[in-house]
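These notes concern the structure reproduced below.
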Amino acid sequence: MKKIIKTVAALSLVGVLAACSNTQAEVAEDSEKSAEVEAKTVNVAVEAGAKPLSFEDDNGELTGYEVEVLQEIDEIVEEYDFNLEAVEGDSVQIGLDAGKYALIGGGLYKTPEREEKYLFPEEINGVSLINIYVSEDDTSITSLDDLVGKNVVPSSPNGGIYNLLTTYNQEHPDTQITVNTAEGASLADRFLAVDSGEYDAIVLPNNLGFDEIKETLNLKVKAVEEPVKINPTYFVLGKDQTDLKEKLDEALVELKEEGKLSELSIKWYGEDTFTYYEE
């Protein structure tokens, strides 16, 4: 009789353990589902028509270097879902100021003014090379020093290129680059001005779609071999997005270590621009 009682007790215990196991599995499954449901949706803005950083392809799909980096980050970061939007020009930072966007792209550099207003990740998202573009048969210009006495395409008075050239003049009081300013001219028109010989050179970042403009307009223009400045670029967040910043940094480290950032750089810029920053 005791043996029967022990057997029944043992069977009961197995049943209890099985029930507990099933309950734990259900709880784990519910927790996973809950985690998926609780992912926070945040609005993310990139610039529209900023090929190769961010633009719509022939099928109307948003793509580009920063778009694909953000999509990779979205896959890694489980706590957030990115609602990615393409926004015109200055509306990107205006939207960040207003709290409409938690995170923005745009090939942005770190500056004291921006650091005061926004939150920057520790990790960069890319590397922007500032190049001098000249006629393909011009061998006289290879550096900023060679722009002294040359006719340089005007730059925006509020832009980074203007600051680069005026800083050069401050540091070289005896050899000045003639710096003219203008607004409104398209990138295509400015490259055409070099192609036609109206200007000797233009200074611009490499992430503005020069290759496509050159091919479309059949330009005889080239970038000189060495960039004149190397700028790391960042995604920028609202000051209150400290948790998102932490997750963003973790994802960027993972993408860098996996070689994904270099892979995307080669895809969109034709070279691994990260090698310049590491050097």
Side-chain angles (χ1 to χ4, degrees), residues 47 49-53 65-66 89-90 106-114 124 126-234 265 268-271 273-277 279:
E47 287 194 23
K51 191 173 184 177
L53 280 175
Y65 175 78
E66 283 193 337
D90 293 340
L108 297 167
Y109 305 155
K110 185 183 287 187
T111 66
E113 294 77 17
R114 285 176 179 160
I124 66 174
V127 179
S128 172
L129 309 179
I130 306 299
N131 290 328
I132 302 173
Y133 296 89
V134 297
S135 174
E136 286 186 347
D137 58 3
D138 189 335
T139 58
S140 67
I141 299 174
T142 60
S143 67
L144 288 178
D145 294 336
D146 298 323
L147 294 181
V148 175
K150 300 291 186 178
N151 195 12
V152 181
V153 174
S155 56
S156 168
N158 299 313
I161 301 304
Y162 174 80
N163 291 335
L164 172 67
L165 298 179
T166 54
T167 298
Y168 176 90
N169 284 344
Q170 291 169 6
E171 295 172 352
H172 301 80
D174 298 326
T175 53
Q176 298 279 289
I177 297 172
T178 301
V179 182
N180 294 311
T181 60
E183 294 277 17
S186 69
L187 281 172
D189 286 340
R190 286 185 276 176
F191 281 119
L192 280 168
V194 175
D195 183 70
S196 69
E198 180 183 356
Y199 289 92
D200 298 310
I202 183 171
V203 184
L204 284 174
N206 73 320
N207 57 8
L208 299 178
F210 166 69
D211 289 340
E212 184 182 22
I213 293 172
K214 178 177 179 176
E215 182 179 353
T216 301
L217 300 178
N218 194 28
L219 300 178
K220 303 300 182 185
V221 176
K222 66 180 180 182
V224 302
E225 186 172 346
E226 294 295 326
V228 295
K229 191 171 178 61
I230 299 163
N231 289 317
T233 62
Y234 296 83
S265 177
W268 290 104
Y269 302 122
E271 62 179 323
T273 57
F274 287 88
T275 59
Y276 290 92
Y277 186 65
E279 291 170 2

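In this text, all values refer to a predicted model and were calculated from it rather than measured experimentally.
For the side chain to side chain contact (heavy atoms under 4.5 Å, CB included) test with Ile132, the passing option among Asp200, Thr142, Val224 is Val224; the others fail.
Between Ile202 atom CD1 and Ser155 atom OG the span is 9.0 Å, to the nearest 0.5 Å. Atoms OG and CD, from Ser156 and Glu183 in turn, are 4.0 Å apart once rounded to the nearest 0.5 Å.
Not one N or O on the side chain of Asp195 forms a donor-acceptor pair closer than 3.5 Å with the backbone of Leu219. In this structure, the side chain of Arg114 engages the main chain of Tyr109 through a donor-acceptor pair within 3.5 Å. At least one donor-acceptor pair closer than 3.5 Å links the side chain of Thr166 to the backbone N or O of Asn163. Here the side chain of Glu66 pairs a donor or acceptor atom with the backbone of Gly107 at under 3.5 angstrom. Judged purely by atom type and a 3.5 angstrom limit, Ser128 has no side-chain atom pairing as donor or acceptor with the backbone of Asn231.
Using a 4.5 Å heavy-atom cutoff, the side chains of Leu164 and Lys229 are in contact. At least one side-chain heavy atom of Val153 sits under 4.5 Å from a side-chain heavy atom of Val194. Side chains of Arg190 and Leu204 form a contact here, defined as non-hydrogen atoms less than 4.5 Å apart. Side-chain contact between Leu165 and Leu144 is present, with at least one heavy-atom pair separated by less than 4.5 Å. In this structure, Val134 and Val221 have side chains that are not in contact, with every pair of non-hydrogen atoms separated by 4.5 Å or more.
Taking Tyr133 as the reference, Phe191, Phe210 meet the ring-ring contact (aromatic ring centres under 6.0 Å, His included) condition, with sequence neighbours excluded. Judged as a ring-ring contact (aromatic ring centres under 6.0 Å, His included), and not counting sequence neighbours, Tyr162 has no contacts. Residues that satisfy the side chain to side chain contact (heavy atoms under 4.5 Å, CB included) test with Pro227, not counting sequence neighbours, are Leu129, Asn131, Ile230, Tyr276.
What you find for Gly126 and Tyr65 is that their closest heavy atoms are CA-OH, 3.8 Å. Closest of all the heavy-atom pairs between Leu53 and Gly106 is CD1-C, 4.0 Å. Between Tyr269 and Pro52, the closest heavy-atom pair is CE2-CG, 3.4 Å.
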List the atom pairs, donor and acceptor, that lie under 3.5 Å between side-chain atoms in residues 172-182 and the rest of the protein, sequence neighbours left out.
| residue | atom | partner | partner atom | Å |
| --- | --- | --- | --- | --- |
| His172 | ND1 | Tyr168 | O | 2.8 |
| Gln176 | NE2 | Asn169 | O | 2.7 |
| Gln176 | NE2 | His172 | O | 2.7 |

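Annotation: salt bridge (Lys or Arg N to Asp or Glu O under 4.0 Å) contacts involving residues 131-150, sequence neighbours excluded, comprise Glu136-Lys214. Sorted by first then second residue, the side chain to side chain donor-acceptor pair (under 3.5 Å) pairs that include residues 201-213, not counting sequence neighbours, are Lys51-Glu212.
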Between Thr233 and Ile124, is the side chain to side chain contact (heavy atoms under 4.5 Å, CB included) condition met? List the steps. CA-CA 6 Å; Thr233 62; Ile124 66 174; 5.8 Å; no
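Within a 6.0 Å sphere centred on NZ of Lys222, other residues, nucleotides and ligands contribute more than 12 heavy atoms.
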